[in-house]
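Working notes for the structure below.
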Amino acid sequence: MAQVVIAGCGYVGNALATSLVKEGHEVFGIRRDSSALADGVKGIEGNVARPDELGPAPSRVEYAVYAVGADEGTEQAYRQAYLDGLAGFLEWLADEGQRPRRIVMTSSTSVYGQRRGEPIDEDSPTHPTQFRGETLLASERLLAASGIPSVVVRLGGIYGPGRTSLIDRARRGELRLRPTEHFTNRIHRDDAAGLIRHLLFHPDPEPLYLGVDDESAEEAEVYAWLAKTVGASPPVAEEAGDVPNRRRAVGSKRCSNRRAHESGYRFIYPTYREGYGELIRSSASA
């Protein structure tokens, strides 16, 4: 079994760590608070942006995952997580004399600035319109320049256990429809973790994958399905003043997971219907 270091054992990282531990791998998780690590994961406390504060590395880091997320939505927080943090993680590995066989890093579909429903795949041009996408692209380039074999997974919107705000809003009748068509791209937490695990040990992966499910769903269809499934009133058109009260995704694009399928990965939750359906059933029986 392999020795794996995961920097950023948060929502996706802890799910990945749990599956790797169950398979018998020796897993180390880097977090500022190691008490939040999943059972069976060996903790390395510290901030990856300050590599001199991290503890010693394991004796043989065979594989690594960089799945750190920003603490908040500011430009400074993004730079610290994705640029300072990655640079620190790479420095720590080098200082400890470790060169993994492969690093898998999570990025985001926000690097694509397209917003008119364009089809997107790994070969599509990146035109980020906000600092989030720009920072993530710079982080991807930093990893590529390290010389360590690497894979980047650009994830769509992540949902799953504990992230049920959309379901809750549907139940309260708070979903509002945009005046124009808007395509969304998402992935269940377990598939995000599963795809990373799949690519970590893949014999010959591509350097880049889109981590989204099978369906770039139009937002109005998702909202209507959720409302019907939870037995709530159908969503209505948004009114003046609705948008400033909550964050709305910018950009409308249709991301393809064809390359992920061709790599051999099979999705646990192919669309939002299976994923949200399971969450709805779980919450009803709780």
Side-chain angles (χ1 to χ4, degrees), residues 8 11-12 66-87 104-145 150-159 163 165-166 176-189 191-192 195-196 199 206-223 238 242-261 271-272:
Y11 189 61
V12 173
Y66 193 81
V68 172
D71 290 335
E72 54 187 25
T74 65
E75 185 170 1
Q76 181 180 359
Y78 264 67
R79 284 193 60 86
Q80 183 176 48
Y82 296 108
L83 286 175
D84 299 342
L86 178 59
V104 176
M105 185 182 82
T106 59
S107 183
S108 166
T109 56
S110 65
V111 301
Y112 301 104
Q114 292 87 333
R115 57 178 63 221
R116 298 180 180 176
E118 297 96 327
I120 299 292
D121 63 18
E122 290 82 358
D123 295 322
S124 298
T126 53
H127 298 299
T129 58
Q130 297 183 338
F131 69 83
R132 295 177 179 85
E134 292 173 350
T135 305
L136 285 162
L137 270 183
S139 180
E140 292 179 15
R141 296 187 189 108
L142 176 61
L143 179 60
S150 61
V151 177
V152 170
V153 183
R154 292 173 178 167
L155 297 171
I158 305 168
Y159 72 102
R163 292 191 178 183
S165 61
L166 205 58
R176 297 292 180 266
L177 303 178
R178 299 174 193 254
T180 58
E181 185 178 62
H182 184 87
F183 288 97
T184 60
N185 303 274
R186 53 180 56 79
I187 187 169
H188 191 282
R189 179 204 65 183
D191 276 315
L195 181 58
I196 295 168
L199 296 173
E206 298 286 343
L208 175 64
Y209 290 85
L210 289 182
V212 296
D213 66 20
D214 290 356
E215 184 175 341
S216 294
E218 208 283 315
E219 187 176 71
E221 295 179 7
V222 178
Y223 284 7
E238 63 186 20
D242 279 346
V243 175
N245 293 330
R246 56 189 171 86
R247 180 180 174 186
R248 297 296 294 264
V250 297
S252 170
K253 47 190 175 281
R254 292 174 289 147
C255 296
S256 167
N257 66 4
R258 176 185 56 81
R259 182 174 290 181
H261 273 293
T271 76
Y272 69 87

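Only heavy atoms go into these numbers, but all of them, side chains included; no hydrogens, no water, no symmetry mates.
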Compare all side-chain heavy atoms of [X] with those of [Y] and state whether any distance is below 4.5 angstrom.
X: Thr109; Y: Ile120; result: no
X: Thr126; Y: Glu140; result: no
X: Val152; Y: Leu143; result: yes
X: Asp123; Y: Arg259; result: yes
X: Leu210; Y: Glu122; result: yes

Set out, in order, the CA-CA distance, both residues' side-chain angles and the distance that settles side-chain contact (heavy atoms from CB on, under 4.5 Å) for Asp71 and Gln76, then state yes or no. CA-CA 10 Å; Asp71 290 335; Gln76 181 180 359; over 6 Å; no
Are His127 and Tyr112 close enough that their ring centers fall under 6.0 Å? no
Ser139: what forms a side chain to side chain contact (heavy atoms under 4.5 Å, CB included) with it, not counting sequence neighbours? Tyr82, Leu83, Leu86, Met105
Using the test side chain to side chain contact (heavy atoms under 4.5 Å, CB included), find all partners of Arg189 that sit at least two apart in sequence or belong to another chain. Tyr11, Val12, Ala15, Ile158, Pro161
Can you sort out the partners of Tyr209 under ring pair (Phe, Tyr, Trp, His ring centres under 6.0 Å), two or more places apart, ordered by chain and number?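 Residues passing ring pair (Phe, Tyr, Trp, His ring centres under 6.0 Å) with Tyr209: none at all.
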What heavy-atom pair brings [X] and [Y] nearest, and what distance separates the two atoms?
X: Leu136; Y: Ser107; result: CB-OG, 3.7 Å
X: Thr106; Y: Ala67; result: OG1-CA, 3.4 Å
X: Glu215; Y: Tyr272; result: OE2-CE2, 4.0 Å
X: Ala260; Y: Leu195; result: CB-CD1, 4.1 Å
X: Ala192; Y: Leu155; result: CB-CD2, 4.0 Å
X: Pro128; Y: Ser110; result: CB-O, 4.1 Å

Does the side chain to side chain donor-acceptor pair (under 3.5 Å) test come out yes or no for Asn185 and Ser216, once each step is laid out? CA-CA 5 Å; Asn185 303 274; Ser216 294; 2.7 Å; yes
Give a yes or no answer on whether the side chain of [X] reaches the backbone of [Y] with a donor-acceptor pair at less than 3.5 Å.
X: Arg186; Y: Ala217; answer: no
X: Ser252; Y: Phe183; answer: yes
X: Asp214; Y: Thr271; answer: no
X: Arg132; Y: Gly73; answer: yes
X: Glu219; Y: Leu177; answer: no
X: Asp121; Y: Ser124; answer: yes

Taking atom CD of Glu118 as the centre, does the number of heavy atoms from other residues, nucleotides or ligands within less than 6.0 Å exceed 12?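 Count over threshold, so yes.
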Is it true that atom CZ of Arg254 has more than 12 heavy atoms of other residues, nucleotides or ligands lying nearer than 6.0 Å?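 Yes, enclosed.
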How long is the straight-line distance from [atom2] of [Y] back to [atom1] of [X], given to the nearest 0.5 Å?
X: Leu208; Y: Arg154; atom1: CG; atom2: CZ; answer: 4.5 Å
X: Thr135; Y: Glu75; atom1: OG1; atom2: CD; answer: 6.0 Å
X: Arg163; Y: His188; atom1: CZ; atom2: NE2; answer: 11.0 Å

His182 vs Glu218, side-chain contact (heavy atoms from CB on, under 4.5 Å): CA-CA, chis, key distance, verdict: CA-CA 6 Å; His182 184 87; Glu218 208 283 315; 4.3 Å; yes
